[in-house]
Protein chains: 2
Amino acid sequence: MTLAVNSIETSPIQVHNQKQEQILQGAMQVFFRDGYAGTSMDRVAIEAGVSKQTIYSHFQDKEGLFKALVERITIARYNTLFESAQLYDDPELLLRQLAETYFLKVAGDRDYLSLLRLVIAESARFPEMAKLYTQSVIQHGRQMLGQYFDAHPELGISDSKAAAHIFFGSLVSFVVVQEILHGKEIIPLSSESLVNSLIELFLARTDN
Amino acid sequence: MTLAVNSIETSPIQVHNQKQEQILQGAMQVFFRDGYAGTSMDRVAIEAGVSKQTIYSHFQDKEGLFKALVERITIARYNTLFESAQLYDDPELLLRQLAETYFLKVAGDRDYLSLLRLVIAESARFPEMAKLYTQSVIQHGRQMLGQYFDAHPELGISDSKAAAHIFFGSLVSFVVVQEILHGKEIIPLSSESLVNSLIELFLARTDN
DNA sequence: GTCTATACCGAGATAGAC
DNA sequence: GTCTATCTCGGTATAGAC
């Protein structure tokens, strides 16, 4: 019951979280590269710089570590995806900014790409994970843009939800095809020309 | 050097291909369900109804079996994806038929969905496989539709390649989100409303 | 050409020292 | 709480009988 007031050690809780963070950092590298089944706990231990037993003292088992990792990253990163996005009233400005934010934060970031690939890869084994991703990312974006379309009838969009899917779906499939499926080495297509064509399509009725 | 004219055995080549076909059928079930790293050769042998050694006599190793399987399915299935599609001159008919063909053959077929998921999942480990898929499926569709757009300037499409990506990308992402990422349990969206909205967008300039 | 049996290694998970 | 050492099982791949 002695109080170690002069101890230079950080508090137990701090140490706990620091270790967990360290483990998750290493786990991310390996899971993102090798997938769930391809990842060995030995490699995670090496990559994180801890022993295997330390991992098992912080997480129940391999599945628990994996779920904790993906949930953490999905929520942390995607809840802030469009937080910096200003809701311009001008449609062209808004659409352009949404697309540029998405390309900057997702297509340009290896970790985002790896997470997307991993969630798709494990969607059959871990359906809850896929649902969390869909809710955090897709639903969020679709609802926001759908509401915007509803508030701007001059765009002449009859089905705002479907239109929002088309907009974000074009961005997602661009990333999937060009970056993940190596499309940029086979069918070059710049993100700028995609965005310009999207603007052209969605604003066709206002230009006339 | 005797000719076994009365033999009731099938020819060696026949037997060879039959066994290979049998192995590939079993391998497909397991690889599609468990992914590359999650698949064991024992399970493939059980599923295919042969011994493990038989597999190794027909294919070099696990990697060779996997590559042979995916190449075979990708080429066989996707080269015939749009072969039945009639090239209607009317834009609405054409777009509608392309979308319906895609949904019928891809979204409605568990094997197509599994192949797409698998190719994405293994795109880092097997980039050549991803490139083959991109060439056989994406490039094929984009080129065909891009040429159609170029031949129909009345649609007012300035960038035919980007527009073709938007069209097919919306279909692909619909399948990825709704079917693979379990979106249909979270954000219901019918394929009909998607197609109608696509038509609305792409034909906006001809309606006026 | 196909089977059964086996070699050998690396996987996930745990015991026990400190 | 963290480490080293170890258990046990299932993995890929092969040897040898028929």
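So that the names make sense, note that chain A is the first sequence line, chain B the second, and so on, each numbered from 1. Basis for what follows: all heavy atoms, side chains included, without hydrogens, waters or symmetry-related copies.
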Visitor: Below 3.5 Å, can you tabulate the donor-acceptor pairs from side chains in residues 32-41 of chain B to any protein atom, sequence neighbours excluded?
Guide:
| from | atom 1 | to | atom 2 | distance (Å) |
| --- | --- | --- | --- | --- |
| B:Thr39 | OG1 | B:Val30 | O | 3.4 |
| B:Thr39 | OG1 | B:Gly35 | O | 2.6 |
| B:Ser40 | OG | B:Arg43 | N | 3.1 |

Visitor: Which parts of residues 36-47 of chain A get close to DNA chain D, meaning a heavy atom less than 4.0 angstrom away?
Guide: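 Within residues 36-47 of chain A, no residue comes under 4.0 Å of DNA chain D.
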Visitor: List for me each residue that meets side-chain hydrogen bond (donor to acceptor under 3.5 Å, both in side chains) alongside A:Glu47, sequence neighbours excluded, and say none if there are none.
Guide: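 For A:Glu47 there are no side-chain hydrogen bond (donor to acceptor under 3.5 Å, both in side chains) partners, ignoring immediate neighbours.
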Visitor: Nearest-Å distance, CZ (B:Phe59) to P (C:dG1)?
Guide: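 Computing the B:Phe59:CZ to C:dG1:P distance gives 14 Å.
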Visitor: Taking only side-chain N and O atoms of A:Thr54, does any of them lie within less than 4.0 angstrom of OP1 or OP2 on D:dT2?
Guide: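 No, A:Thr54 has no side-chain N/O under 4.0 Å of OP1/OP2 on D:dT2.
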Visitor: Once you measure the plane-to-plane angle for B:Phe82 and B:Phe168, does it fall in the parallel (<30°), tilted (30-60°) or perpendicular (>60°) bin?
Guide: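 Tilted.
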Visitor: Could you state the atom-to-atom distance from NZ of B:Lys52 to P of C:dA7 in whole Å?
Guide: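 Going from NZ in B:Lys52 over to P in C:dA7 covers 13 Å.
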Visitor: A:Asn17 has an atom CG; how far is it from atom C1' of D:dG1, in whole Å?
Guide: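 In whole Å, D:dG1 C1' and A:Asn17 CG are 14 Å from each other.
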Visitor: Below 4.5 Å, heavy atoms only, C-beta onward: do A:Ser173 and B:His165 meet side chain to side chain?
Guide: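 In short, these two side chains touch, coming nearer than 4.5 Å.
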Visitor: What's the verdict on side chain to side chain donor-acceptor pair (under 3.5 Å) for A:Asn79 and A:His140, showing C-alpha distance, side-chain angles and the deciding distance?
Guide: CA-CA 9 Å; A:Asn79 278 350; A:His140 196 238; 5.9 Å; no
Visitor: Among residues at least two apart in sequence or on other chains, which ones pass side-chain hydrogen bond (donor to acceptor under 3.5 Å, both in side chains) with B:Asp90?
Guide: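 B:Asp90: no side-chain hydrogen bond (donor to acceptor under 3.5 Å, both in side chains) contacts found.
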Visitor: Sort and list the pairs that fulfil salt bridge (charged side-chain N to carboxylate O under 4.0 Å, His left out) and have at least one residue in residues 185-199 of chain A, not counting sequence neighbours.
Guide: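 Output for this query lists A:Glu185-B:Lys131.
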Visitor: Once rounded to the nearest 0.5 Å, what's the spacing between atom CD of B:Glu71 and atom CE of B:Met129?
Guide: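 Going from CD on B:Glu71 over to CE on B:Met129, the span is 7.0 Å.
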Visitor: Please enumerate all protein N or O atoms sitting under 3.5 Å from an N or O of nucleotides 15-18 of chain D, with distances to 0.1 Å.
Guide:
none

Visitor: D:dT2 C1' sits how many Å from A:Ile55 CD1, rounded?
Guide: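 Those two atoms, CD1 and C1', are 12 Å apart.
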Visitor: Within this structure, what is the NE2-to-C1' distance between B:His58 and C:dT2, rounded to whole angstrom?
Guide: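 To the nearest whole Å, that distance equals 8 Å.
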Visitor: Could you tell me how far apart B:Tyr56 (OH) and D:dA13 (P) are, to the nearest whole angstrom?
Guide: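 Nearest whole value for this atom pair: 4 Å.
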Visitor: Ring centroid separation for A:Phe59 and A:Phe66, is it under 6.0 angstrom?
Guide: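 Ring-ring flag for A:Phe59/A:Phe66: false, centres at least 6.0 Å apart.
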Visitor: How many Å lie between CD on B:Glu63 and C1' on D:dG11, as a whole number?
Guide: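 Rounded to whole Å, this separation is 16 Å.
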